[in-house]
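Numbers here simply count residues along the sequence, with the first being 1. Just so you know, ligand 1 is whichever comes first in the structure, and atom 1 is the first atom listed for that ligand. Keep in mind that this is a model prediction, so the values were computed, not measured.
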Amino acid sequence: AYLGAAIRANEFLVYLQPKIDIQNECVCGAEALIRWNYKHRELLAPFRFIPYFEADGSIVKIDELVLHRVCAKLKEWKDNGQSLYPISVNLSRKHLEQPQIVSRLTGIVDSYGVDHGLIEFELTESTMAENQRYLIFVMNELRKRGFRISMDDFGTGYSSFALLNEMPLDTLKIDKSFVDMILEENDANKILIILRHIISMAREMGVNCVAEGTEEYKQVLALRELGCEIAQGYYYSKPIPVKEFEEKYLK
Ligand code: C2E
Ligand code: MG
Ligand code: MG
């Protein structure tokens with residue numbers, strides 16, 4: 001009820017954070033991230049409310065609201081002849097457990113006439129903890145329909161590598177905690193070895209790597225050297241309102 005009222009009052013905002021191709025220094029996509037403009041007074045970050053909505057299952061409404069907004073924008077950009085980048089949308093596990101999830105998501109995207117290849121679904125490793133076989137089936141179905149699949153926060157779970165073998169993936173997002181370690185004098189050497197192997201392993205599997213939480217130029221240089229294709233982080237841009245994204249990044 002609470003959530004419904006907030007949705008009707010238009011309190012949810014979708015922000016976009018650009019993904020930068022660091023080999024060529026150009027934008028190549030964006031991630032959609034939810035914000036709650038609580039009673040139009042205070043902007044709440046996801047950690048303040050997502051856990052509650054996950055607990056009661058209403059997170060599904062948030063995820064679908066974000067997908068609707070993203071598709072509406074992609075349609076508008078296409079109609080205006082503007083540049084189109086793939087946009088990623090986060091899906092919670094609650095969402096994947098919904099009946100008819102594949103046709104629901106496909107239905108939303110198709111209602112805007114948006115090319116499936118422009119939508120990437122991000123799932124975290126922890127999403128996969130239970131019910132794995134079923135979730136892998138769902139991801140395969142989404143992928144068959146031309147959507148992209150991304151593994152978020154890679155490396156933080158305990159089954160990262162096992163999952164790599166089973167999940168149909170287009171993108172692997174290296175968790176910020178690894179990207180942070182590039183800056184730590186003590187661990188720098190080891191972390192470079194770990195990152196190099198994650199990145200080359202991904203490449204051999206035909207999977208793109210995105211480095212999350214890239215805040216400093218030193219990290220960009222290291223990542224570029226290691227062959228990582230894409231970075232997302234405050235060094236390039238924080239998540240910003242859609243309007244600002246359009247002004248800065250759309251042609
Ligand atoms: P995530 O999907 O891993 O998103 C990346 C988070 O890292 C975002 O936090 C982003 O603002 C933050 N970030 C990006 N670059 C940097 C950086 O350079 N430094 C630092 N310190 N942080 C950076 P945000 O927007 O607070 O979102 C947190 C999490 O909430 C997301 O993590 C995602 O798991 C969840 N979330 C956000 N929107 C949605 C949504 O629509 N649906 C669902 N199910 N989850 C969402
Ligand atoms: Mg994400
Ligand atoms: Mg992440």
Side-chain angles (χ1 to χ4, degrees), residues 3 6-7 11-20 22 27 29-38 42-71 73 86-98 101 105 108 119-128 135 148-157 160 169-183 198 208-220 222-223 230-242 244-245:
L3 177 62
I7 291 176
E11 292 181 3
F12 288 99
L13 304 174
V14 174
Y15 276 35
L16 293 176
Q17 185 177 36
K19 294 183 185 177
I20 309 295
I22 53 175
V27 185
E31 176 173 11
L33 295 155
I34 192 81
R35 298 289 180 265
W36 188 356
N37 189 3
Y38 186 71
E42 187 192 358
L43 202 62
L44 305 181
F47 79 93
R48 303 271 304 270
F49 56 91
I50 283 194
Y52 305 101
F53 294 149
E54 256 172 356
D56 73 4
S58 54
I59 183 71
V60 172
K61 291 212 181 90
I62 300 268
D63 289 352
E64 294 193 353
L65 178 148
V66 173
L67 184 60
H68 272 283
R69 298 262 182 97
V70 164
C71 289
K73 274 296 162 190
I87 311 278
S88 57
V89 172
N90 294 282
L91 288 186
S92 78
R93 176 163 105 234
K94 283 280 187 293
H95 208 139
L96 293 175
E97 288 167 350
Q98 293 284 301
I101 176 66
L105 294 173
I108 293 175
I119 301 291
E120 181 165 73
F121 293 114
E122 293 194 3
L123 295 120
T124 63
E125 282 186 54
S126 59
T127 305
M128 302 293 299
L135 295 183
R148 302 181 186 213
I149 306 289
S150 168
M151 192 196 282
D152 211 342
D153 308 331
F154 179 77
T156 55
S160 311
L169 280 186
D170 299 280
T171 307
L172 189 156
K173 299 189 80 174
I174 301 170
D175 191 67
K176 179 176 188 301
S177 55
F178 291 99
V179 180
D180 285 345
M181 284 185 243
I182 296 173
L183 299 174
I198 292 177
N208 271 322
C209 276
V210 176
E212 296 192 88
T214 307
E215 296 182 342
E216 295 187 21
Y217 190 54
K218 188 178 168 195
Q219 292 166 314
V220 175
L223 289 162
I230 303 166
Q232 180 182 343
Y234 294 176
Y235 175 72
Y236 291 103
S237 171
K238 292 193 169 181
I240 51 178
V242 173
E244 198 179 323
F245 183 88

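Heavy-atom separations between Lys176 and ligand 1 include at least one value shorter than 4.0 Å.
The proximity of Ile34 to ligand 1, defined as any non-hydrogen pair under 4.0 Å, involves the side chain as well as the backbone. Only side-chain heavy atoms of Asp153 come within less than 4.0 Å of ligand 1; its backbone N, CA, C and O stay farther off. Within the 4.0 Å heavy-atom criterion, the part of Arg35 lying near ligand 1 is the side chain and not the backbone. In Glu31, the part holding a heavy atom less than 4.0 Å from any atom of ligand 1 is the side chain. Of the heavy atoms in His95, none comes closer than 4.0 Å to ligand 1. At a 4.0 Å heavy-atom cut-off, ligand 1 does not touch Val89 at all. If you look at Lys173 next to ligand 1, there are no close heavy atoms at all, none under 4.0 Å.
Atom OE2 is the N, O or S atom of Glu31 at the shortest distance from the Mg ion (ligand 2). Between the Mg ion (ligand 3) and the N, O or S atoms of Asp152, the shortest distance is to OD1. The N, O or S atom of Glu212 lying closest to the Mg ion (ligand 3) is OE1.
If you run side chain to side chain contact (heavy atoms under 4.5 Å, CB included) between Val66 and each of Asn90, Leu13, Val14, only Val14 comes through. Just one residue in the list Leu105, Val70, Leu33 forms a side chain to side chain contact (heavy atoms under 4.5 Å, CB included) with Val89, and that residue is Val70.
You'll find the side chain of Pro18 reaches within 4.5 Å of the side chain of Phe245, heavy atoms only.
Between Glu54 and Arg93 there is no salt bridge, since no side-chain N of the basic residue sits under 4.0 Å from a carboxylate O of the acidic one. The existence of a salt bridge linking Lys19 and Glu120 is confirmed by a sub-4.0 Å separation between a basic side-chain nitrogen and an acidic carboxylate oxygen. The pair Arg48-Glu42 meets the salt-bridge criterion, with a side-chain N (NZ, NE, NH1 or NH2) lying under 4.0 Å from an Asp/Glu carboxylate O.
Close contacts between ligand 1 and Asp63 involve ligand atoms 40 (C), 41 (O), 42 (N), 43 (C), 44 (N) [criterion: under 4.0 Å to a heavy atom]. Listed by atom number, the atoms of ligand 1 under 4.0 Å from Ser92 heavy atoms are 44 (N). Shown in contact with Asp152 at under 4.0 Å from a heavy atom are these atoms of ligand 1, numbered in order with element: 1 (P), 2 (O), 3 (O). Short contacts between ligand 1 and Val66, defined as distances under 4.0 Å to a heavy atom of the residue, involve ligand atoms 41 (O). Each of the following atoms of ligand 1 lies closer than 4.0 Å to a heavy atom of Gln17: 14 (C), 15 (N). Atoms of ligand 1 found under 4.0 Å from any heavy atom of Ile50 (numbered from 1 in listed order, with element): 35 (C), 36 (N), 39 (C), 43 (C), 45 (N), 46 (C). Residue contact check: Pro239 has heavy atoms under 4.0 Å from atoms 11 (O) of ligand 1.
Nearest heavy atom pair, residue Arg148 against residue Asp170, reads CA-OD2, 3.3 Å. Phe178 and Gly155 make their closest contact through CE1-CA, 3.5 Å (heavy atoms, listed as atom of the first residue, atom of the second, distance). The two residues Arg35 and Pro46 have their closest heavy-atom pair at NH1-CD, 3.3 Å. The two residues Asp175 and Ser177 come nearest to each other via the heavy atoms OD2-OG, 2.8 Å. The two residues Ala32 and Leu16 make their nearest non-hydrogen contact at CA-CD2, 3.8 Å. Here the closest heavy-atom approach between residue Arg69 and residue Phe12 is recorded as NH1-O, 3.0 Å.
Protein heavy atom in closest approach to atom 34 (O) of ligand 1: Asn90 OD1, 4.6 Å. For atom 31 (C) of ligand 1, the nearest protein heavy atom (residue, atom name, distance) is Leu33 CD2, 4.2 Å. Among all protein heavy atoms, the one lying closest to atom 16 (C) of ligand 1 is Tyr234 CE2, 3.2 Å. Among protein heavy atoms, the minimum distance from atom 19 (N) of ligand 1 is reached at Glu215 OE2, 2.5 Å. Protein heavy atom at the shortest distance from atom 5 (C) of ligand 1 is Glu212 OE1, 3.8 Å. Of the protein's non-hydrogen atoms, Pro46 CG, 3.4 Å is the one closest to atom 27 (O) of ligand 1.
The nearest protein heavy atom to atom 25 (O) of ligand 1 is closer than 4.0 Å. In this structure, atom 9 (O) of ligand 1 has no protein heavy-atom contact shorter than 4.0 Å. Checking atom 40 (C) of ligand 1 against the protein gives a heavy-atom contact under 4.0 Å.
Polar contact with ligand 1: absent for Tyr235 (N/O pair, distance under 3.5 Å).
Within the 2.8 Å limit, Asp153 places at least one N, O or S atom next to the Mg ion (ligand 3). Inclusion of Asp175 in the first shell of the Mg ion (ligand 3) is not supported: no N, O or S atom falls under 2.8 Å.
Distance check: Leu96 CG to Asp63 CG gives 8.5 Å after rounding to the nearest 0.5 Å. The line from OG of Ser150 to CG of Leu172 is 7.5 Å long, rounded to the nearest 0.5 Å.
Between Trp36 and Phe49, the ring-plane angle classifies as perpendicular under the 30° and 60° cut-offs.
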**Q.** CA sep, side-chain torsions, deciding dist, call: His95, Glu64, side chain to side chain contact (heavy atoms under 4.5 Å, CB included)
**A.** CA-CA 9 Å; His95 208 139; Glu64 294 193 353; 3.3 Å; yes
(Q) Test side-chain hydrogen bond (donor to acceptor under 3.5 Å, both in side chains) on Gln219 and Thr214; report intermediate values, then the result. (A) CA-CA 6 Å; Gln219 292 166 314; Thr214 307; 5.4 Å; no
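Geometry about the Mg ion (ligand 2) gives an angle of 100° between OD1 of Asn90 and OE1 of Glu122, rounded in steps of 10 degrees.
Side-chain contact check for Gln17 and Glu31: no donor-acceptor pair (N or O, by modelled atom type) lies under 3.5 Å.
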